[in-house]
There are 2 protein chains.
Amino acid sequence: MSKNLKYISSLLAVDCLIFGFENQMLKVLLIKRKLEPYQNEWSLMGGFLKREESADESASRVLKELTGLDGVFMEQIKTFSKYDRDPTERVISIVYSSLIDVRKFETLLNQEYEARWFKITEVPDLLFDHAEMVIAGRDHLKKKAALQPILFELLAEKFTLPQIQQLYEEVFEANFDKRNFSRKLLASKLLKKLDEKDKSGSKKGAFYYQLDKQTNHYNFNILLNLAYSQL
Amino acid sequence: MSKNLKYISSLLAVDCLIFGFENQMLKVLLIKRKLEPYQNEWSLMGGFLKREESADESASRVLKELTGLDGVFMEQIKTFSKYDRDPTERVISIVYSSLIDVRKFETLLNQEYEARWFKITEVPDLLFDHAEMVIAGRDHLKKKAALQPILFELLAEKFTLPQIQQLYEEVFEANFDKRNFSRKLLASKLLKKLDEKDKSGSKKGAFYYQLDKQTNHYNFNILLNLAYSQL
DNA sequence: AAAGTAAGTGTTAATTTGACAATTAAAAAA
DNA sequence: TTTTTTAATTGTCAAATTAACACTTACTTT
């Protein structure tokens, strides 16, 4: 294929780092390989690029294949290219990170795969260099979340202040004072308070909020400082 | 090579976005292609991965080939993979960004290439998707520089406050008040004032500073706020 | 000696921060 | 009905940080 034998060609793969937030915990979705070689090893969900497919398209396809989800937030993180990362043959992998609302697909999980959510701190040994991918993705998430209000992608349409704070604490591996946290978050004008309450977490119940799509001119740097010391 | 014809293999390339700061302006180093096809088109400096080479290694090699420089700050930015991005054959390109001190290699430029510095705002039409690469790299530089004191890589060992301010203004496309800027920057404890002055820019002369390698416990988020509104 | 030029420097009012604990709403238990 | 329990909600204040603003200084050139 290549005209020049000095240079090599390679298979192109994508691997998807799928983040979710469930039971107050940041989790990643992993699959167990059913075929040899490397049967029963846990890994990120991945796949090869098809002819005429870009990596973005391929990653979306792979994500949909596993979760049934479309139009999910997804971003390219990093490309892994060590020549022997896959001992079988040369494959480079372009890693994507996606943030999904776990409730949206719980029952849609493709039954061809054995998939499971793992707490981010309890990821098992993974295939090839996939452990590095998890680290890179997590690191990227921190930085992204410090600069942009992206973590809402992990929550349901409606969420409570305690929930979103818990999520930030998980992502940044830090604890925040709830008075200061809510003050800053609400100052962003990003959230709209609803009348309804979530009673599942406490007797008093916590008011639901949702993203206020009206306000585009928000101030998000307020969260940034809060998060900075954890970057 | 691939066992499965549904999937394709591809040549692997790296392209290097080389930033420099010269005459108070942020610039990128581009090369003019000497061979057909696409003769005389400007592009990023690039090359193909060799057997057993990772993209990181390849990018370092390519950078050295052009500039003679070793051990330069370099970071993977993004991978470009549209199937027809190179009409000749399928090639994906892993783009790297490097920050160099232009003074370090002015005379070392490899004569095989016709290379030229372009002001970042005056980049000519580029080969393939290289214009997108420049945009991605610039955006990445902004975000990186807002979180870390990385722009010093673009300056000489010794630099003046007006110089570093000019650099920040170029990168963030903004103007900063010099009193506030220097106060914040110096509060980071990152700089050491030298006795010597740079007389080239003014009659009075401006004191040189250099990075103080003693202090590791700096406070850099001070610059972050300053830059935030430009991200 | 005077003029010109860019570097360097300080103050203040307004805002934001971080540290801190009492009150409230609702359900469950007594 | 009353009391208890649990988690959500809310406010204050001193300290730190910010943004806005203009004059003085050092040196060169005329």
Side-chain angles (χ1 to χ4, degrees), chain A residues 23-24 146 155 158-169 172 174-210 217-231, chain B residues 23-25 146 155 158-170 172 174-210 217-231:
Chain A
N23 298 332
Q24 320 274 70
L155 297 168
K158 301 181 296 186
F159 47 82
T160 66
L161 289 181
Q163 276 165 17
I164 184 88
Q165 178 168 353
Q166 179 67 33
L167 172 53
Y168 270 84
E169 292 183 342
F172 290 107
N175 294 313
F176 303 124
D177 180 276
K178 61 184 172 178
R179 288 160 291 191
N180 295 337
F181 183 87
S182 68
R183 174 157 42 92
K184 285 183 161 198
L185 187 56
L186 294 173
S188 74
K189 310 270 191 186
L190 214 58
L191 300 186
K192 197 168 67 181
K193 188 178 188 173
L194 305 182
D195 289 332
E196 201 184 347
K197 272 185 167 183
D198 167 33
K199 296 278 181 62
S200 67
S202 74
K203 300 171 179 175
K204 181 176 180 179
F207 279 104
Y208 279 118
Y209 287 78
Q210 63 181 185
H217 51 85
Y218 57 81
N219 260 27
F220 195 69
N221 55 342
I222 41 182
L223 277 187
L224 186 145
N225 281 326
L226 176 148
Y228 185 80
S229 52
Q230 269 68 43
L231 285 183
Chain B
N23 297 331
Q24 319 275 70
M25 289 179 291
L155 297 168
K158 301 181 294 185
F159 47 83
T160 67
L161 289 180
Q163 275 165 17
I164 183 87
Q165 176 168 355
Q166 179 68 32
L167 172 53
Y168 270 85
E169 292 182 340
E170 281 277 305
F172 291 105
N175 293 313
F176 303 124
D177 179 278
K178 63 181 173 180
R179 288 161 289 190
N180 295 337
F181 184 87
S182 69
R183 176 157 39 84
K184 285 183 160 199
L185 187 56
L186 294 173
S188 75
K189 311 273 189 178
L190 215 57
L191 301 186
K192 197 168 67 181
K193 188 177 188 174
L194 304 182
D195 289 332
E196 199 183 347
K197 272 185 167 184
D198 166 33
K199 295 279 180 63
S200 67
S202 73
K203 297 171 181 178
K204 183 177 179 180
F207 279 103
Y208 279 119
Y209 287 78
Q210 61 181 192
H217 51 86
Y218 54 80
N219 260 25
F220 195 68
N221 54 342
I222 41 184
L223 277 186
L224 184 147
N225 282 326
L226 177 147
Y228 185 80
S229 53
Q230 269 68 43
L231 285 184

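Residue A:K178 is classed as a base contact, given a heavy-atom separation below 4.0 Å to a base.
Not one N or O on the side chain of A:Q210 forms a donor-acceptor pair closer than 3.5 Å with the backbone of A:L194.
With rounding to whole Å, B:D177 atom CG is found 16 Å from C:dT11 atom P. Spacing between atom CG of A:L185 and atom P of C:dT17 amounts to 13 Å, rounded to whole angstrom units. Going from atom CG of A:L186 over to atom P of D:dG11 covers 12 Å, rounded to whole Å. Rounded to whole Å, atom P of C:dT15 lies 16 Å from atom CG of B:N180. Between the NZ atom of A:K197 and the P atom of C:dA25 there is a distance of 8 Å, given to the nearest Å. Atoms OH (B:Y209) and C1' (C:dA7) sit 10 Å apart, rounded to a whole Å. When the P atom of C:dA7 is taken as reference, atom CD of B:Q165 falls 9 Å away, rounded to whole Å. Protein atom CZ of B:R179 is 9 Å distant from nucleotide atom C1' of C:dG10, rounded to whole Å.
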Between the protein and nucleotides 27-30 of chain C, are there any N/O to N/O pairs under 3.5 Å, and if so, what are the atom names and distances?
none

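Within 3.5 Å, a donor on the side chain of A:R183 pairs with an acceptor on the base of C:dG18, or the reverse.
For the side-chain hydrogen bond (donor to acceptor under 3.5 Å, both in side chains) test, no residue two or more places apart in sequence or in another chain qualifies with B:Q166. Residues forming a side chain to side chain contact (heavy atoms under 4.5 Å, CB included) with A:N23 (at least two apart in sequence, or on another chain): A:M25, A:K27. With sequence neighbours left out, B:K204 forms a salt bridge (Lys or Arg N to Asp or Glu O under 4.0 Å) with no residue at all. B:Y209 meets the ring pair (Phe, Tyr, Trp, His ring centres under 6.0 Å) test with no other residue; sequence neighbours excluded. Listed by chain and residue number, nothing satisfies the salt bridge (Lys or Arg N to Asp or Glu O under 4.0 Å) test with B:K193 (two or more places apart in sequence, or in another chain).
The shortest heavy-atom contact between A:D198 and A:Q163 is OD2-NE2, 3.4 Å.
Distance from the side chain of B:P162 is smallest to C:dG8 among D:dT10, C:dG8, D:dA22. For A:K184, whose side chain is taken as the heavy atoms from C-beta onward, the closest listed nucleotide among C:dT17, C:dA7, D:dT18 is C:dT17.
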